[in-house]
Trainee: 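The structure is given below, and queries will be raised subsequently.
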Amino acid sequence: MSGTGTASAGAGNFCPLLRLKTTSRIPKLGFLKLNHSLITFRSLQIKASDSSNHLRLNVAHDVTLSNANGHATGSGTNLKQLSTIGNSTNIQWHNCSVLKDDRHRLLDQKGCVIWITGLSGSGKSTVACALSRILHQWGKLTYVLDGDNLRHGLNKDLGFKAQDRAENIRRFGEVGKLFADAGVICIASLISPYRRDRDACRAMLANGDFIEVFMDVPLHVCEARDPKGLYKLARAGKIKGFTGIDDPYETPIHSEIVLKHGEPCASSPVEMAEKIAVYLENNGYLHA
């Protein structure tokens with residue numbers, strides 16, 4: 001079917017005027033092709049107003065105008081706004097009838113991200129797993145996002161240069177945000193040495209749902225532990241840009257929880273984890 005005009009959406013469910021050649025035949029399918037444009041619709045009534053080759057379209061639902069490349073080019077009744085986010089164009093957020101609060105009530109807990117940061121060897125992963133075990137025993141659903149674990153899969157394409165580290169943290173933040181939205185208590189355990197990257201992840205979540213836990217353990221203690229032998233390699237010059245040796249760690253300024261090495265009631269990973277669990281209880285995250 002060929003045409004010589006365009007369609008535009010009017011008030012209500014009425015598309016005012018479509019000019020078609022007299023040789024055109026009305027298709028039974030849910031689209032009309034006008035030169036290099038395509039009008040799609042869900043249901044349609046077509047009425048010939050006179051003999052002047054004009055047709056009026058009564059549209060019962062949405063009308064979408066698109067060009068030959070499939071990109072939206074016009075507006076229609078109830079047409080939702082398309083967005084451009086980063087390099088993604090012509091995208092649209094799709095809402096679901098099951099909401100965040102519904103999922104939280106189902107689990108009887110509130111989703112959040114517990115972000116455990118600190119030097120390599122400070123005990124982040126050990127505390128994360130201890131916390132997950134405690135909350136599991138309390139009947140609460142958790143998931144641990146470990147820095148090394150995600151580099152086995154989702155982030156295996158990233159190295160340790162500054163830009164790769166920033167992208168690594170961004171992906172952690174986005175995944176954590178999804179877990180929190182699902183109602184899961186997400187425990188992220190990774191060095192995350194730069195404040196700006198941690199703050200960017202905090203900004204992804206609702207106020208209060210990003211809980212920063214700083215493992216305040218001195219470098220000499222972490223280096224003495226050296227569970228993976230990385231400090232030894234860094235000191236020998238075999239690893240470049242290692243946090244704490246030749247790359248900085250920016251100490252958190254406003255952490256919700258600080259677990260200081262050697263302080264009372266935080267001398268073991270379990271005691272540290274219990275301190276975080278008490279914070280969650282006191283702040284309403286363990287009940288919907």
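When reading the values below, keep in mind they use all heavy atoms of this one structure, side chains included, and skip hydrogens, waters and symmetry mates.
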Trainee: On a heavy-atom basis, which atom in Cys112 and which in Ala180 lie closest, and how many Å separate them?
Mentor: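 Scanning both residues, the minimum pair turns out to be N-CB, 3.7 Å.
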Trainee: Please walk me through it: do Phe210 and Cys201 pass side-chain contact (heavy atoms from CB on, under 4.5 Å)?
Mentor: CA-CA 8 Å; Phe210 183 93; Cys201 292; 3.8 Å; yes
Trainee: What residues form a side chain to side chain contact (heavy atoms under 4.5 Å, CB included) with Ser132, not counting sequence neighbours?
Mentor: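 Per chain and number, Ser132 pairs via side chain to side chain contact (heavy atoms under 4.5 Å, CB included) with Thr142, Val144, Ile187.
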Trainee: Indicate yes or no: at least one non-hydrogen side-chain atom of Val278 is less than 4.5 angstrom from one of Lys275.
Mentor: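 Val278 vs Lys275: side chains apart.
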Trainee: Cluster partners of Ile239, using ILVMFWY side-chain heavy atoms under 4.5 angstrom, listed by chain and number?
Mentor: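 Ile239 shares its hydrophobic cluster with Leu119, Ile191, Phe214, Leu219, Leu230, Tyr231, Leu233, Phe242, Ile245, Tyr249, Val258.
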Trainee: Got a sec, which pairs hit ring pair (Phe, Tyr, Trp, His ring centres under 6.0 Å) with one end in residues 126-176, sequence neighbours left out?
Mentor: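 As it turns out, the ring pair (Phe, Tyr, Trp, His ring centres under 6.0 Å) pairs with a partner in residues 126-176, which skip direct neighbours, are Tyr143-Phe179.
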Trainee: How close do Ser122 and Met215 get, heavy atom to heavy atom, and via which atoms?
Mentor: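 Closest approach of Ser122 to Met215: O-CE, 3.3 Å.
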Trainee: Going only through I, L, V, M, F, W and Y residues with side-chain contacts under 4.5 Å, is there a path from Ile116 to Leu259?
Mentor: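 They do share one cluster, since a chain of ILVMFWY contacts under 4.5 Å joins Ile116 to Leu259.
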Trainee: With sequence neighbours excluded, tell me which residues meet salt bridge (Lys or Arg N to Asp or Glu O under 4.0 Å) with Asp108.
Mentor: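 Salt bridge (Lys or Arg N to Asp or Glu O under 4.0 Å) check on Asp108 returns Lys140.
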Trainee: Given the rule in the salt bridge (charged side-chain N to carboxylate O under 4.0 Å, His left out) test, do Glu167 and Arg171 qualify, once you have shown the distances and angles that lead to the verdict?
Mentor: CA-CA 6 Å; Glu167 175 60 14; Arg171 293 183 192 179; 2.7 Å; yes
Trainee: For Lys260, what residues pass the side chain to side chain contact (heavy atoms under 4.5 Å, CB included) criterion, not counting sequence neighbours?
Mentor: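 With neighbours one apart ignored, the set is Asp216, Glu263.
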Trainee: Any link between Tyr285 and Val113 through a network of hydrophobic side chains (Ile, Leu, Val, Met, Phe, Trp, Tyr) touching at under 4.5 Å?
Mentor: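 No; Val113 is not reachable from Tyr285 via cluster members.
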Trainee: Drop me the distance from Asp102's CG to Ser97's OG, to the nearest 0.5 angstrom.
Mentor: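 So the gap between those two atoms works out to 8.0 Å.
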Trainee: How close do Leu145 and Gly176 get, heavy atom to heavy atom, and via which atoms?
Mentor: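 Scanning both residues completely, I find the closest heavy atoms to be CD1-N, 4.0 Å.
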Trainee: Quick one: salt bridge (Lys or Arg N to Asp or Glu O under 4.0 Å) partners of Arg195, sequence neighbours excluded?
Mentor: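 Checked Arg195 against salt bridge (Lys or Arg N to Asp or Glu O under 4.0 Å); zero matches.
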Trainee: Can you give me the closest heavy-atom contact between Gly159 and Asp164, atom names plus distance?
Mentor: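 Smallest interatomic distance, heavy atoms only, reads N-OD2, 2.7 Å.
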Trainee: Determine, step by step, whether Leu280 and Ile114 satisfy the side-chain contact (heavy atoms from CB on, under 4.5 Å) criterion, reporting the C-alpha distance in whole Å, the side-chain angles of both residues, the deciding distance to 0.1 Å, and the verdict.
Mentor: CA-CA 10 Å; Leu280 294 175; Ile114 302 166; 3.6 Å; yes
Trainee: About how many Å separate NZ of Lys110 and CZ of Arg103, when rounded to the nearest 0.5 Å?
Mentor: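 NZ of Lys110 is found 15.0 Å from CZ of Arg103.
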Trainee: Would you compute the distance between atom CG of Leu99 and atom CG of Asp181 and round it to the nearest 0.5 angstrom?
Mentor: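 Leu99 atom CG to Asp181 atom CG measures 9.5 Å (nearest 0.5 Å).
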Trainee: Holding to side-chain hydrogen bond (donor to acceptor under 3.5 Å, both in side chains), I want the full list of residues that pass it with Glu223, two or more places apart in sequence or in another chain.
Mentor: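 For Glu223 the side-chain hydrogen bond (donor to acceptor under 3.5 Å, both in side chains) partners, ignoring immediate neighbours, are Arg235.
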Trainee: Is it true that a side-chain atom of Arg151 and a backbone atom of Leu158 form a donor plus acceptor pair closer than 3.5 Å?
Mentor: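 Side chain of Arg151 to backbone of Leu158, a donor-acceptor pair under 3.5 Å: yes, one is there.
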Trainee: Under a 4.5 Å cut-off applied to non-hydrogen side-chain atoms, are Ile211 and Ile276 in contact?
Mentor: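 Sidechains of Ile276 and Ile211: no contact.
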Trainee: About how many Å separate CD of Glu274 and CG of Leu131, when rounded to the nearest 0.5 Å?
Mentor: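 Going from CG on Leu131 over to CD on Glu274, the span is 10.0 Å.
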Trainee: Can you name the closest pair of heavy atoms from Arg198 and Glu212 and give their distance?
Mentor: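 Looking at all heavy atoms of both residues, the shortest contact is NE-OE2, 3.1 Å.
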Trainee: Suppose we screen for salt bridge (Lys or Arg N to Asp or Glu O under 4.0 Å). Which residues come up paired with Asp197, at least two apart in sequence or across chains?
Mentor: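 Asp197 satisfies salt bridge (Lys or Arg N to Asp or Glu O under 4.0 Å) with no other residue.
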Trainee: Using the rule that Ile, Leu, Val, Met, Phe, Trp and Tyr join whenever any side-chain heavy atoms are under 4.5 Å apart, tell me whether Leu154 and Leu190 fall into a single cluster.
Mentor: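 Yes: a chain of side-chain contacts under 4.5 Å links Leu154 to Leu190.
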Trainee: If you round to the nearest 0.5 Å, how far is CG of Asn283 from CG of Asp209?
Mentor: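 So the gap between those two atoms works out to 10.5 Å.
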Trainee: Taking all non-hydrogen atoms of both residues into account, name the closest pair between Ile134 and Ala277 and its distance.
Mentor: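 Here Ile134 and Ala277 meet closest at CG2-CB, 4.3 Å.
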Trainee: Sequence neighbours excluded, which residues qualify as side-chain hydrogen bond (donor to acceptor under 3.5 Å, both in side chains) partners of Lys228?
Mentor: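 Counting only residues at least two positions away or on another chain, Lys228 forms a side-chain hydrogen bond (donor to acceptor under 3.5 Å, both in side chains) with Asp148.
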Trainee: More than 12 non-hydrogen atoms from neighbouring residues, nucleotides or ligands closer than 6.0 Å to NZ on Lys232, yes or no?
Mentor: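 Counting other residues, nucleotides and ligands, NZ of Lys232 stays at 12 neighbours or fewer.
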Trainee: Checking side-chain contact (heavy atoms from CB on, under 4.5 Å) for the pair Asp199/Tyr194: CA distance, chi angles, key distance, verdict?
Mentor: CA-CA 9 Å; Asp199 290 344; Tyr194 308 130; over 6 Å; no
Trainee: Count I, L, V, M, F, W, Y as connected when their side-chain heavy atoms are under 4.5 Å apart, and connections chain through other members. Are Leu141 and Ile185 then in the same cluster?
Mentor: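 Cluster IDs for Leu141 and Ile185 differ.
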Trainee: Among all residues two or more places apart in sequence or in another chain, which pass the side-chain hydrogen bond (donor to acceptor under 3.5 Å, both in side chains) test with Arg165?
Mentor: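 By the side-chain hydrogen bond (donor to acceptor under 3.5 Å, both in side chains) rule, Arg165 matches Thr243, Asp247.
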Trainee: As an exercise, state the distance from CG of Leu135 to CG of Leu286, rounded to the nearest 0.5 Å.
Mentor: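 Between atom CG of Leu135 and atom CG of Leu286 there are 6.0 Å.
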Trainee: Using a 3.5 Å distance criterion without hydrogens, assess whether the side chain of Gln109 forms a donor-acceptor pair with backbone atoms of Gly183.
Mentor: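 Judged by distance alone, yes, a pair lies under 3.5 Å.
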Trainee: With sequence neighbours left out, write down each residue that passes side-chain hydrogen bond (donor to acceptor under 3.5 Å, both in side chains) with Lys177, or none if nothing qualifies.
Mentor: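 side-chain hydrogen bond (donor to acceptor under 3.5 Å, both in side chains) check on Lys177 returns nothing, list empty.
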Trainee: Only counting residues at least two apart or in another chain, list the ones meeting salt bridge (Lys or Arg N to Asp or Glu O under 4.0 Å) with Lys161.
Mentor: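 With sequence neighbours excluded, Lys161 shows a salt bridge (Lys or Arg N to Asp or Glu O under 4.0 Å) to no residue whatsoever.
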